[in-house]
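Whatever order the structure lists them in is the order used to number ligands and atoms, beginning at 1.
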Amino acid sequence: MENFINGTWVKPHSNQYADVFNPCSGEVIETFACSNLQDVNDALSAANQAFKSWKKMPVAQRAVLQHKAANLMRQYAERLANTIANELGRPIAGCLTEISRSADLLDFYAEEGLRMKGEIPLHNLEGEKALIIREAIGVVVAITPFNYPITLLVMKLGAALMAGCTVVAKPSEDTPISTLMLADFFAEAGYPSGVFNVLTGWGAEIGNALIEHPITAKIAFTGGTSTGKRIGATAAMHNKRVTLELGGQSPAIVCEDANITTAATAIVRHAFANSGQFCYRVNRVYVHETQYQAFLEKAIELTQKLRIGNPFSNADMGPMVNQKIYQNSEVQVLDAIEKGATIKTGGKRLRGEEFDKGWFFPPTIIADTNHSMKIMTEETFGPVVGIMPFKTNEEAIALANDSEYGLAAYVFSEQLGTGLRMAEVLEAGSVWINNISRSYHDVPFGGVKQSGIGREKGHYGIEAYTELKTIYMNY
Ligand code: NAD
């Protein structure tokens, strides 16, 4: 497919295209344009031109367009879901959920945008006042990963557009097609040309140009911590604003008084959804020593019920998106075995006619782990979870916080007070107590430590695409 710039499909200046693969079969399903610096300049210039009038459009009119785009996503959900399933390998039901949740998020941001407000401090100075207003920040570059290609873009796009910014999106090389389809829906909804552009290509080749370009006002990035740090460093050199949503290594604590069925059900569901390819999944579990055996048995029983297969086969889990992501799981399992851990279920690449052409790794539980092992300290981004016993709540908190990451954490205790006390000291952007729901649209999402800078969602998400201006008045 070609790039979508200034409301039309445009060939890349290089005239070169790269393949997009189906991760179940290894077959080529599409191609994406390999953009170069000229394409970057074209896309940013189109967004900059569009910004001049988009920022002046009444917010209520922007909201009408955004609701239309959300409805088109719902109308074309099946087409878009099939595309995600083919480029990512996730079961089709999960792809449909991604689209409906993303459409809801667009609707939410549209309404939240209508509630943006300024301030007037009451200084009580005669003939003087100050107005504090918010202005759109400018052209936003949205760089996204493969794992939730639509949701992670909409988290940026829906907020930026309502704030009055225009956007150049750079999707992952693994899953660019769904993002290009989204551009088509936005055009059909009636967005002016240049407001939402999609540029594909290799991040390492065009990333710097997108960040350093004088037109770019902000980079909104979701992806790996090392990529994010590089982007943050380049952005800082050029005084560009950033929101960085990076990696995670999220701990769950199962206390002595936890309901084991509730904890195991939530943790197994969350650790293995999307084949473990998401940032705030449960990566490691600390279980009070008195509950350790019971928890393990329940978690193994639930894990062994999960079906693995292609997206259209009624499976719960698909393959890993590519060899590089697959290898994290394999390396971490081998490392844990070498250091004395026990594989309770899974642990080896799946083989057989259905699996041989894809990167299928089974849901894997590793018991008797410790912090010398990669599974307890490095991001897996795959369907492997490490489990370790603890004696006291203080020890559990120290272990949970013994990580460079700080995206999410989970606590299971029948005493809400225990859960809240732990939530207050856990170093994470979000903490769930006694169940693990999806992150809500109206609350902030983001990380501390090496998991990122800034917050998406809620009014916080929209404000992140505005800059404050103070107007002093004498009258
Ligand atoms: P990645 O960092 O390899 O790639 C993400 C995006 O960055 C892609 O579009 C890629 O083309 C682009 N990119 C690569 N190098 C670049 C450069 N030098 N300059 C600019 N852009 C560049 O990540 P991935 O493998 O696609 O996704 C997995 C990672 O994403 C995991 O670490 C995961 O934790 C993280 N993630 C974080 C969140 C969150 O909200 N915190 C959500 C999902 C995924």
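- Not a single heavy atom of Gly447 lies less than 4.0 angstrom from ligand 1.
- With respect to atom 39 (C) of ligand 1, the closest heavy atom belonging to the protein is Cys279 SG, 3.1 Å.
- Side-chain contact of His441 with Asp104: a donor-acceptor pair under 3.5 Å is absent, judged by distance alone.
- Near Pro171, meaning under 4.0 Å from any of its heavy atoms, are these atoms of ligand 1: 9 (O).
- The salt bridge (Lys or Arg N to Asp or Glu O under 4.0 Å) search around Asp356 returns Arg351, not counting sequence neighbours.
- With salt bridges taken as basic N to acidic carboxylate O contacts below 4.0 Å, none links Glu467 and Arg134.
- The shortest contact between atom 14 (C) of ligand 1 and any protein heavy atom is with Thr227 CG2, 3.6 Å.
- Of all protein heavy atoms, the one lying nearest to atom 23 (O) of ligand 1 is Gly224 N, 3.5 Å.
- Taking every heavy atom of Asn147 and a limit of under 4.0 angstrom, the matching atoms of ligand 1 come to 43 (C), 44 (C).
- Contact annotation for Glu173 and ligand 1: only side-chain heavy atoms (C-beta onward) come within less than 4.0 Å of the ligand.
- Remark: ligand 1 atoms within the under-4.0 Å shell around heavy atoms of Thr222 are 5 (C), 36 (N), 37 (C), 38 (C), 39 (C), 40 (O), 42 (C), 43 (C), 44 (C).
- Checking atom 9 (O) of ligand 1 against the protein gives a heavy-atom contact under 4.0 Å.
- Residues Tyr286 and Arg284 bring a donor and an acceptor atom of their side chains to less than 3.5 Å of each other.
- Distance from atom 6 (C) of ligand 1 to its nearest protein heavy atom, with residue and atom name: Thr144 O, 3.4 Å.
- The nearest protein atom to atom 27 (O) of ligand 1, hydrogens excluded, is given as Pro145 CB, 3.3 Å; this is a heavy-atom distance.
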Could you go through Glu27 and Lys357, starting from their C-alpha distance and side-chain angles, then the distance that decides it, and tell me whether this counts as salt bridge (charged side-chain N to carboxylate O under 4.0 Å, His left out)?
CA-CA 9 Å; Glu27 284 161 18; Lys357 291 185 179 151; 5.9 Å; no
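- In Glu379, the part holding a heavy atom less than 4.0 Å from any atom of ligand 1 is the side chain.
- Which parts of ligand 1 touch Leu152 is read off a 4.0 Å heavy-atom cut-off, strictly below it: atoms 42 (C), 43 (C).
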Residues Lys156, Glu456; criterion salt bridge (charged side-chain N to carboxylate O under 4.0 Å, His left out); working and verdict:
CA-CA 7 Å; Lys156 300 155 183 53; Glu456 297 189 300; 3.1 Å; yes
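- Ranking protein heavy atoms by distance to atom 19 (N) of ligand 1, first place goes to Gly207 CA, 3.4 Å.
- Annotation: Lys324 places no N or O atom under 3.5 Å from an N or O atom of ligand 1; distance criterion only.
- Ring centroids of Phe32 and Trp202 are separated by less than 6.0 Å, placing the two rings close together.
- A ring pair (Phe, Tyr, Trp, His ring centres under 6.0 Å) with Phe185 is found for exactly one of Phe4, Tyr76, Tyr191, Phe196, namely Tyr76.
- For Phe221, the closest heavy-atom approach to ligand 1 falls below 4.0 Å.
- Of all the heavy atoms of Asp174, none lies under 4.0 Å from any atom of ligand 1, so neither backbone nor side chain is involved.
- Residue Ile143 approaches ligand 1 through these ligand atoms, each under 4.0 Å from one of its heavy atoms: 6 (C), 7 (O), 9 (O), 12 (C), 20 (C), 21 (N).
- Under 4.0 angstrom from ligand 1, the non-hydrogen atoms of Phe445 all belong to its side chain.
- Using the six-membered ring where Trp is involved, His270 and Phe278 have ring planes that are perpendicular, over 60° apart on the 30 and 60° scheme.
- Judged purely by atom type and a 3.5 angstrom limit, Thr345 has no side-chain atom pairing as donor or acceptor with the backbone of Thr364.
- The side chain of Leu407, and not its backbone, has at least one atom closer than 4.0 Å to an atom of ligand 1 (non-hydrogen atoms only; side chain from C-beta on).
- A cation-pi geometry, defined here as NZ or CZ lying under 6.0 Å from the six-membered ring centre and within 45° of its normal, holds between Arg349 and Tyr326.
- Not a single salt bridge (Lys or Arg N to Asp or Glu O under 4.0 Å) links Glu245 to another residue, sequence neighbours left out.
- Under 4.0 Å from ligand 1, the heavy atoms of Phe381 that appear belong solely to its side chain.
- Counting non-hydrogen atoms of other residues, nucleotides and ligands closer than 6.0 Å to NZ of Lys344 gives a total of 12 or fewer.
- Considering only non-hydrogen protein atoms, atom 17 (C) of ligand 1 sits nearest to Gly203 O, 3.4 Å.
- Remark: Lys218 qualifies as a cation-pi partner of Tyr465 under the 6.0 Å distance and 45° angle criteria applied to the six-membered ring.
- Shortest contact from atom 25 (O) of ligand 1 to any protein heavy atom: Phe146 CE2, 3.7 Å.
- Counting the atoms of ligand 1 from 1 in the order shown, those under 4.0 Å from a heavy atom of Ile231 are 19 (N), 20 (C), 21 (N).
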